[in-house]
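Please read the structure below before turning to the comments.
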Amino acid sequence: MEAVMLVGGQGTRLRPLTLTTPKPMLPVANYPCTAHQIVRARDAGVTRIILSTSYKAEVFEAYFGNGQDFGIEIVYVTEDSPLGTGGAIRNVADALHSAPNDPVLILNGDILSGHNMKQQVQQHVQRDADVSLHLINVDDPRPFGLVPTDADGRVIQFLEKPQTPEEIVTHQINAGCYVFKRSVIDSIPNGRVVSVERETFPGLLDTKAPVIGYIEDAYWLDLGNPLAFAQGSRDLVEGRCPSSLVEKPGEVMAAPTAKISATAKVFGGSAIGEQVSVGESAKVEGSVLMAGSHVGANSTLIDCVIGENVSIGEHVTLTSVVVADGASIGDHNELIAGARVWPNTEIETRSLRFSAE
Ligand code: GDD
Ligand code: MG
């Protein structure tokens, strides 16, 4: 079976991390979130996946190559300018080998999902649907696409990002994993911007096409903001979100080249990337430390996302802070929770000269 993964979004809400790396390539549990989803698709029977790229397209091929290391064939289709989610799906049609009636799996590239993709495809085929959508229930549906279904599981309506309380007709939302009949992909208008959520799905419903929900409340997380991103990484490391890239879930996942001082405490589902060093008596809890970063002695990091080649001095305290690539934070700093440090910023060491007086 073939799959298409949409990875062309700008990831604006994840700035400043996405200024240097596209969102789907940011590491959760030491692998890009796309890698976890690609491997799940492979485990569900997908043998060939097309990455639909736009923003920072070159980064994907440099990492995944032809997919050999991940046990799947990976092909790339890049848009000259972003075509939107539906336009992006249509744009890969020439690269698909599937026959008109074959099911094609379509995945948003910025989510983590533990649902049973194989079962979703089986249901789609059994019911001879045009499109089926993985649906889940969430407490706050406002940032998502609302998808009410009838007693047979047929989709009644598709309401992307409801604006008013009256529009919140259900808490059942689009989880961003679809199965399309290949011929339906070909029917999307070519060469212009199309939103699958605002145009294609409502259009199919207007024509009474068979669009069905695959309802499974499995582990699911939208990696929409930096704190969700740290949460996703913790969930993978600690085993709440299944991924065959995480061999032994536990307190910490450290790359082989990471150097963690014997007196440091690293725990709470932290992910420690290649060439990272953590100094003496430092405490790192529930955080992501990307490749080449350094945490100085006696510093404390809780629920933080630290980009590549970041330098954190000694006696620094950070809680729920995001530090982008190449930044450095001098000794004795304490940043307010929720702070976001831009790439290559230097925050000077805080002088302790006056505090002793
Ligand atoms: N190739 C390409 N071109 N990909 C795109 C483009 C584009 O122009 N625009 C967005 N994408 C990719 C993004 O990288 C992401 O993987 C996916 O398409 C969805 O786009 P987002 O921009 O992340 O949409 P969203 O998070 O606001 O909402 C979508 O996902 C929700 C679930 O997380 C919608 O599908 C909602 O209905 C859904 O509930
Ligand atoms: Mg998204």
Side-chain angles (χ1 to χ4, degrees), residues 3-15 17-18 21-26 28 32-38 41 49-61 75-93 95 105-113 115 131 133-148 155 157-163 167-168 170-178 180 185 188 191-202 211 213-215 218-226 228-229 232:
V4 178
M5 185 178 265
L6 302 176
V7 292
Q10 292 258 356
T12 329
R13 284 173 299 159
L14 265 175
R15 280 185 193 159
L17 296 170
T18 46
T21 306
K23 174 160 67 167
M25 286 303 290
L26 288 170
V28 277
C33 64
T34 38
H36 295 284
Q37 288 298 92
I38 287 172
I49 187 159
I50 299 164
L51 292 198
S52 163
T53 64
S54 173
Y55 178 64
K56 295 196 187 290
E58 64 292 347
V59 184
F60 295 91
E61 192 160 2
V75 216
Y76 305 84
V77 174
T78 303
E79 291 149 35
D80 297 330
S81 64
L83 291 170
T85 46
I89 296 170
R90 176 63 182 88
N91 192 49
V92 306
L105 194 69
I106 315 262
L107 304 154
N108 280 359
D110 61 343
I111 53 154
L112 289 173
S113 179
H115 82 289
V131 174
L133 301 91
H134 174 213
L135 307 177
I136 51 153
N137 281 282
V138 294
D139 292 336
D140 181 6
R142 287 173 299 176
F144 303 113
L146 271 50
V147 192
V155 173
Q157 221 186 343
F158 198 105
L159 264 163
E160 183 68 11
K161 315 241 162 62
Q163 301 292 316
E167 283 182 324
I168 303 184
T170 177
H171 283 229
Q172 183 171 278
I173 62 135
N174 168 23
C177 176
Y178 321 123
F180 269 63
I185 295 178
I188 299 172
R192 68 164 170 89
V193 175
V194 179
S195 160
V196 78
E197 298 88 353
R198 295 179 195 278
E199 185 176 337
T200 312
F201 293 144
V211 178
Y214 172 76
I215 303 161
Y219 175 89
W220 187 85
L221 189 71
D222 171 276
L223 300 170
N225 62 63
F229 179 78

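In listed order, ligands and their atoms are each counted from 1. Side chains included, hydrogens not; waters and symmetry mates left out as well; all remaining heavy atoms used.
- Between K161, M5, E79, it is K161 that holds the heavy atom closest to atom 25 (P) of ligand 1.
- In this structure, atom 18 (O) of ligand 1 has protein heavy atoms in its sub-4.0 angstrom surroundings.
- Atoms of ligand 1 lying under 4.0 Å from at least one heavy atom of V7, given by number and element, are 14 (O).
- Annotation: G84 places an N or O atom under 3.5 Å from an N or O atom of ligand 1; distance criterion only.
- The nearest heavy-atom contact from the protein to atom 32 (C) of ligand 1 is N174 O, 3.6 Å.
- A heavy-atom distance below 4.5 Å is found between the side chains of F144 and D222.
- Partners of E79 under the salt bridge (charged side-chain N to carboxylate O under 4.0 Å, His left out) rule, at least two apart in sequence or in another chain, do not exist in this structure.
- Shortest non-hydrogen contact noted between S113 and H115 is OG-ND1, 2.7 Å.
- In terms of polar-atom proximity, G109 is counted as a contact of ligand 1, with an N or O under 3.5 Å from an N or O of the ligand.
- The backbone N or O of K161 lies less than 3.5 Å from a partner atom in the side chain of Q163, making a donor-acceptor pair.
- Looking at atom 16 (O) of ligand 1, its nearest protein heavy atom turns out to be L6 O, 2.7 Å.
- Around the Mg ion (ligand 2), the protein atoms of type N, O or S found under 2.8 Å away are D110 OD2, listed by chain and number.
- Where the criterion is an N or O separation shorter than 3.5 Å, residue side chain and backbone included, P143 fails it with respect to ligand 1.
- Looking at heavy atoms from C-beta onward, V211 lies in side-chain contact with L133 at the 4.5 angstrom threshold.
- Within the 4.0 Å heavy-atom criterion, neither part of V193 lies near ligand 1.
- Listed by atom number, the atoms of ligand 1 under 4.0 Å from P82 heavy atoms are 8 (O).
- With respect to V77, the side-chain contact (heavy atoms from CB on, under 4.5 Å) criterion is satisfied by exactly one of V4, T53, V92, L51: V92.
- Panel note: side chain H171, backbone V138; a donor-acceptor pair is recorded below 3.5 Å.
- Listed by number with element, the atoms of ligand 1 under 4.0 Å from a non-hydrogen atom of I111 are 33 (O).
- At a 4.0 Å heavy-atom cut-off, ligand 1 does not touch F201 at all.
- Scanning the protein heavy atoms around atom 34 (C) of ligand 1, the nearest turns out to be E197 OE2, 3.2 Å.
- Of the polar atoms of T85, none of the N or O atoms is found under 3.5 Å from an N or O of ligand 1, judged by distance alone.
- Considering backbone and side-chain atoms alike, G145 places an N or O below 3.5 Å from some N or O of ligand 1.
- The minimum heavy-atom distance linking L223 with F229 is given by the pair CD2-CA, 3.9 Å.
- Residue contacts with ligand 1, taken as heavy atom pairs separated by less than 4.0 Å, involve A88 solely via side-chain atoms from C-beta onward.
- For T34, there are no side-chain hydrogen bond (donor to acceptor under 3.5 Å, both in side chains) partners, not counting sequence neighbours.
- Contact annotation for W220 and ligand 1: only side-chain heavy atoms (C-beta onward) come within less than 4.0 Å of the ligand.
- For atom 21 (P) of ligand 1, the closest non-hydrogen atom of the protein is D110 OD2, 4.3 Å.
- Nearest to atom 33 (O) of ligand 1 among the protein's heavy atoms is D222 OD2, 2.8 Å.
- Heavy atoms only, all atoms of each residue included: C177 and N174 are closest at N-OD1, 4.4 Å.
- A pairwise comparison of heavy atoms in W220 and A175 identifies NE1-O, 3.0 Å as the closest pair.
- Two residues are said to be in side-chain contact when any heavy atoms from C-beta on lie closer than 4.5 Å; Q172 and I136 fail this criterion.
- Selection from E160, K23, R198 by nearest heavy atom to atom 36 (C) of ligand 1 gives E160.
- The atoms of ligand 1 that sit less than 4.0 Å from any heavy atom of L83 are 8 (O).
- G8 N, 3.0 Å is the protein heavy atom nearest to atom 4 (N) of ligand 1.
- Checking only distances, G9 does come within under 3.5 Å of ligand 1, N or O to N or O.
- Residue N108 has at least one nitrogen or oxygen atom sitting less than 3.5 Å from a nitrogen or oxygen atom of ligand 1, judged on distance alone.
- Listed by number with element, the atoms of ligand 1 under 4.0 Å from a non-hydrogen atom of Y178 are 35 (O).
- Checked for salt-bridge contact, E199 and R192 meet the test: a charged N lies under 4.0 Å from a carboxylate O.
- Using a 4.5 Å cut-off on side-chain heavy atoms (C-beta onward), K23 and M25 make no contact.
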Using atom types as modelled, flag every donor-acceptor pair under 3.5 Å from a side chain in residues 80-87 to any protein atom, sequence neighbours excluded.
from	atom 1	to	atom 2	distance (Å)
T85	OG1	V196	N	3.0
T85	OG1	E197	OE1	2.7

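- V28 and G232 make their closest contact through CG1-C, 4.4 Å (heavy atoms, listed as atom of the first residue, atom of the second, distance).
- Side-chain atoms of V194 and R90, non-hydrogen and from C-beta on, never get closer than 4.5 Å to each other.
- The OG atom of S52 sits 9.0 Å away from atom CD1 of I106, with the distance rounded to the nearest 0.5 Å.
- Aromatic pair F201/Y178: centroids less than 6.0 angstrom apart.
- Heavy atoms of V196 found under 4.0 angstrom from ligand 1: none, in either backbone or side chain.
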